[in-house]
Number of protein chains: 2
Amino acid sequence: MTGKGRVTIREVAERAGVSIATASRALSGNHPVPVATRSRVLRAARELDYVANAHARALVGAGRKMVAVVVRQVTSPFYAQVAEGVEAEAADRGWLCVVGATGGDPQREMEFVQLMREEGARLVILVGGVVEDDAYRSRVAHYAQALDASGARLVLCGRPAPDPEIPALVVEFDNEAGSRAVTGHLLSAGHRRIVFLGGLPGNTALDARVAGYRAALAEHGVPAGDARVVDCGLGRGAGLRAMGELLKETREFTAVVAGDDMVAAGALRAIAEAGLRVPEDVSVVGYNDIPLAEDFNPPLTTVRTPAEELGRAAVRIALRDAEGGGGGRHLLGTHIVVRGSVAAPGGS
Amino acid sequence: MTGKGRVTIREVAERAGVSIATASRALSGNHPVPVATRSRVLRAARELDYVANAHARALVGAGRKMVAVVVRQVTSPFYAQVAEGVEAEAADRGWLCVVGATGGDPQREMEFVQLMREEGARLVILVGGVVEDDAYRSRVAHYAQALDASGARLVLCGRPAPDPEIPALVVEFDNEAGSRAVTGHLLSAGHRRIVFLGGLPGNTALDARVAGYRAALAEHGVPAGDARVVDCGLGRGAGLRAMGELLKETREFTAVVAGDDMVAAGALRAIAEAGLRVPEDVSVVGYNDIPLAEDFNPPLTTVRTPAEELGRAAVRIALRDAEGGGGGRHLLGTHIVVRGSVAAPGGS
DNA sequence: CTGCCGACTGAAAACGTTTTAACTTCCCCT
DNA sequence: AGGGGAAGTTAAAACGTTTTCAGTCGGCAG
């Protein structure tokens with residue numbers, strides 16, 4: 001039953017009584033072949049359960065249609081949605097999608113990009129905010145230049161291009177606008193003492209959200225000195241810990257803007273553990289509107305960032321501009337989703 | 001700046017003043033090469049920013065170290081965790097991991113497996129319960145036979161092998177035991193009228209959980225007639241809808257066993273919307289212990305299925321048994337995680 | 001009848017690497 | 001001094017496709 005190795009096109013050709021060249025043409029459809037010959041070849045291929053060797057094909061042809069998406073971790077709901085968007089858009093076009101996880105380690109990111117170069121990926125999408133230091137800039141410059149040299153494209157989602165001249169495309173959400181809007185929502189409800197929980201200095205995405213938060217405060221006439229940013233970074237654990245500590249230190253605030261929904265999840269938990277109620281005692285808003293945000297306790301008011309659409313857009317724009325080469329920056333809009341975690345300040 | 005095509009090993013060899021063969025050996029390290037020559041080649045490669053062409057390498061060599069993991073959707077927290085486990089274990093060994101999403105469509109599953117055969121994946125992991133009909137059996141038999149013929153391995157996670165003779169490895173959780181345990185937990189708390197929400201007849205994973213549920217009832221002397229299984233399938237939306245309808249029809253139950261945590265999330269929401277409290281009026285348990293289960297309202301008592309470990313185990317076992325060929329079935333254990341969604345029946 | 005064009009086909013080159021087999025050197029042993 | 005390796009190196013074959021180039025054949029216009 002199991003022929004030793006894989007069936008090759010040679011055996012198909014033999015069985016169909018044609019040359020390798022004709023078999024190839026019939027199978028790949030690159031060149032017209034009389035229908036009789038063609039069906040004979042196809043039947044032979046079916047009978048032998050022939051599958052073409054993608055490596056051989058990629059070696060001689062124009063390479064393989066493959067897109068790579070690189071995220072910190074697949075289990076983050078936001079990244080998962082982005083990856084799903086990329087996967088879906090790629091599948092729609094018959095492209096293969098590879099996802100890599102770095103765990104936030106630049107070393108693994110470099111290894112993975114290297115691997116993708118070897119594999120001949122034509123599109124590499126790096127997702128997620130990052131601290132923009134010199135190491136980052138030179139790393140990305142190298143990716144962009146190297147990928148460009150072999151005709152591939154680099155897309156940065158939620159992280160900046162180190163230099164506008166660099167052949168990388170940037171597709172991201174307008175973090176500052178989203179954060180300004182949701183902070184404005186709290187301010188409009190009457191809050192004045194609002195904490196931003198989850199800053200990550202140097203991380204461009206979080207810095208933009210902090211900037212939006214400060215801008216909203218300024219717009220509503222809150223003194224800049226009343227702003228308070230807790231730089232605890234992202235993740236549920238970080239939010240839980242930082243919120244717990246903050247509550248031990250002070251209760252001089254009525255609302256919390258979380259860096260993202262996972263931080264908000266931790267914060268909600270910490271607030272409950274401290275014996276306070278949301279939203280009666282403290283209002284909380286998140287960022288990203290992950291799928292389970294409406295199952296939090298209470299359901300979370302947050303900013304909807306259509307993550308899947310971000311992934312799709314990255315692929316779509318990169319492939320559309322494929323000829324254009326070069327860079328460019330595309331901003332995607334966001335909007336507030338109002339649920340039960342916000343009330344007017346001043347108790348029940 | 002952009003040299004036209006990719007740098008090949010020929011140019012590296014030329015610059016280092018050696019033959020292609022020597023360059024290849026120095027770079028791949030398959031054959032000892034004097035340190036002087038070796039460093040000369042490596043330097044040339046570094047200077048030219050050479051990356052090997054994985055296609056050419058795979059074409060002549062033993063193929064590429066690549067594992068493919070196929071799930072319904074990446075955004076399901078459970079599948080994401082499994083995929084992360086596979087990715088991590090693969091990365092640890094320097095293998096490439098490709099994830100495919102089928103959306104539950106057998107057609108897309110077949111296409112993806114076909115693609116993986118073309119790409120030369122050496123390990124294909126199919127994840128997730130499935131209805132075991134004739135179409136499924138013949139599909140999987142074909143995968144197994146075809147992959148085996150080209151020296152690749154097939155692993156089934158949470159779905160059955162159609163035939164013990166078939167060269168496929170099964171790695172899964174003991175769904176029946178887990179479900180029996182968590183249902184037993186409710187029974188021990190005093191519940192007698194317990195609904196199973198989220199059956200999916202024909203789906204082997206869910207059927208096993210239903211069987212565990214019934215077994216637990218029988219063990220505790222609850223008449224079989226008091227069992228009630230709502231076949232609404234999985235997903236938050238399904239749970240929300242089905243629970244809402246059930247509550248309109250009857251309130252003759254004190255506890256709910258959900259098919260998985262997402263169904264539980266929907267159920268919790270529906271119960272709250274009906275004006276009931278969890279756990280005072282209704283107790284709820286889930287399945288899988290997804291990362292956000294403790295942020296539900298209330299925190300969810302559920303069965304912890306170490307999903308990442310499932311992914312890791314699939315890779316580990318498959319690679320360890322690589323020589324052994326053939327099949328085999330491995331069961332992974334689970335345990336209950338007690339949180340706040342269960343109380344004794346009979347109101348606050 | 002001759003010449004030409006088009007449709008179809010096949011032999012062979014090419015893709016970039018690894019590996020085999022053969023060829024040098026050079027050293028050591030007798 | 002001659003022979004036997006070992007160590008280092010290289011030319012060439014091989015991997016499975018696609019594509020180019022050249023060929024064969026039949027038909028049709030002149």
Side-chain angles (χ1 to χ4, degrees), chain A residues 3-42 44-45 48-65 114-115 117-120 122 149-151, chain B residues 3-42 44-45 48-65 114-115 117-120 122 149-151:
Chain A
K4 206 66 244 282
R6 274 168 72 156
V7 174
T8 75
I9 201 175
R10 160 168 282 108
E11 306 169 50
V12 174
E14 213 163 275
R15 172 179 263 253
V18 297
S19 74
I20 296 180
T22 304
S24 169
R25 286 194 266 256
L27 289 165
S28 68
N30 286 342
H31 189 79
V33 141
V35 59
T37 317
R38 181 177 151 77
S39 69
R40 203 147 31 94
V41 172
L42 291 184
L48 294 174
D49 194 22
Y50 165 78
V51 289
N53 182 322
H55 298 303
R57 183 171 279 175
L59 191 53
V60 54
R64 173 192 20 206
K65 292 171 174 173
Q114 166 89 4
L115 191 59
R117 285 217 282 154
E118 293 184 0
E119 297 290 336
R122 295 235 284 272
S150 50
Chain B
K4 206 66 243 285
R6 273 169 72 155
V7 175
T8 77
I9 201 175
R10 159 168 282 107
E11 306 169 50
V12 174
E14 214 161 276
R15 172 179 265 253
V18 298
S19 74
I20 296 180
T22 304
S24 168
R25 287 199 262 259
L27 290 165
S28 66
N30 286 342
H31 190 79
V33 141
V35 58
T37 316
R38 183 178 150 77
S39 69
R40 203 146 33 95
V41 172
L42 291 185
L48 294 173
D49 194 21
Y50 165 78
V51 289
N53 182 324
H55 299 303
R57 184 172 277 175
L59 189 54
V60 54
R64 177 191 17 207
K65 291 172 175 173
Q114 166 89 5
L115 191 59
R117 285 219 281 154
E118 293 184 359
E119 297 290 337
R122 294 236 284 273
S150 49

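Chain A is the first sequence line, chain B the second, and so forth, proteins listed ahead of strands; every chain is numbered from 1.
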Shortest non-hydrogen contact between A:Ile20 and A:Ile9, atoms and distance: CG2-CG2, 3.7 Å

Taking atom C1' of C:dT18 as reference, at what distance in whole Å does atom NE2 of B:His55 sit? 16 Å

Can you give the donor-acceptor pairs under 3.5 Å from side chains of residues 53-60 of chain A to other protein atoms, not counting sequence neighbours?
unit_1	atom_1	unit_2	atom_2	d
A:Asn53	OD1	A:His55	N	2.7
A:Asn53	OD1	A:Ala56	N	3.2
A:His55	ND1	B:His55	ND1	3.3
A:His55	NE2	B:Glu119	O	3.0

For atom CZ of B:Arg38, is the number of surrounding heavy atoms from other residues, nucleotides or ligands below 6.0 Å larger than 12? no

Please work out if B:Ala54 contacts a base, only the sugar-phosphate, or nothing of the nucleic acid, heavy-atom cut-off 4.0 Å. nothing

Using every non-hydrogen atom in the two residues, find where B:Leu27 and B:Val41 come nearest and quote the distance to one decimal. CG-CG1, 4.0 Å

A:Asp49: which residues meet the side-chain contact (heavy atoms from CB on, under 4.5 Å) condition with it, sequence neighbours left out? B:Arg117, B:His142, B:Ala146

Tell me what B:Ser24 touches on the nucleic acid: a base, only sugar-phosphate, or nothing, going by heavy atoms under 4.0 Å. base

Where chain B begins and ends its contact with DNA chain D, read 5' to 3' at 4.0 Å from heavy atoms: D:dG8 to D:dG16

List in chain and number order the residues that pass side-chain hydrogen bond (donor to acceptor under 3.5 Å, both in side chains) with A:Thr22, two or more places apart in sequence or in another chain; answer none if no residue qualifies. A:Ser19

Using the test side-chain hydrogen bond (donor to acceptor under 3.5 Å, both in side chains), find all partners of A:Ser39 that sit at least two apart in sequence or belong to another chain. none

N/O-N/O pairs, protein side and nucleotides 8-12 of chain C side, under 3.5 Å:
unit_1	atom_1	unit_2	atom_2	d
C:dT9	OP1	A:Thr37	OG1	3.1
C:dG10	OP2	A:Ser19	N	2.9
C:dG10	OP2	A:Ser19	OG	3.1
C:dG10	OP2	A:Thr22	OG1	3.0
C:dG10	N7	A:Arg25	NH2	2.8
C:dG10	O6	A:Arg25	NH1	3.4
C:dG10	O6	A:Arg25	NH2	2.8

Side chain of A:Arg6, backbone of B:Ala149: donor and acceptor closer than 3.5 Å? no

Sort and list the pairs that fulfil salt bridge (Lys or Arg N to Asp or Glu O under 4.0 Å) and have at least one residue in residues 11-37 of chain A, not counting sequence neighbours. A:Arg15-A:Glu47

Starting from the first five and the last five pairs of the helix from C:dC1-D:dG30 to C:dT30-D:dA1, work out the angle between the resulting helix axes, to 10 degrees. 60°

Residues at least two apart in sequence or cross-chain that pass salt bridge (charged side-chain N to carboxylate O under 4.0 Å, His left out) with B:Arg40, listed by chain then number, are none

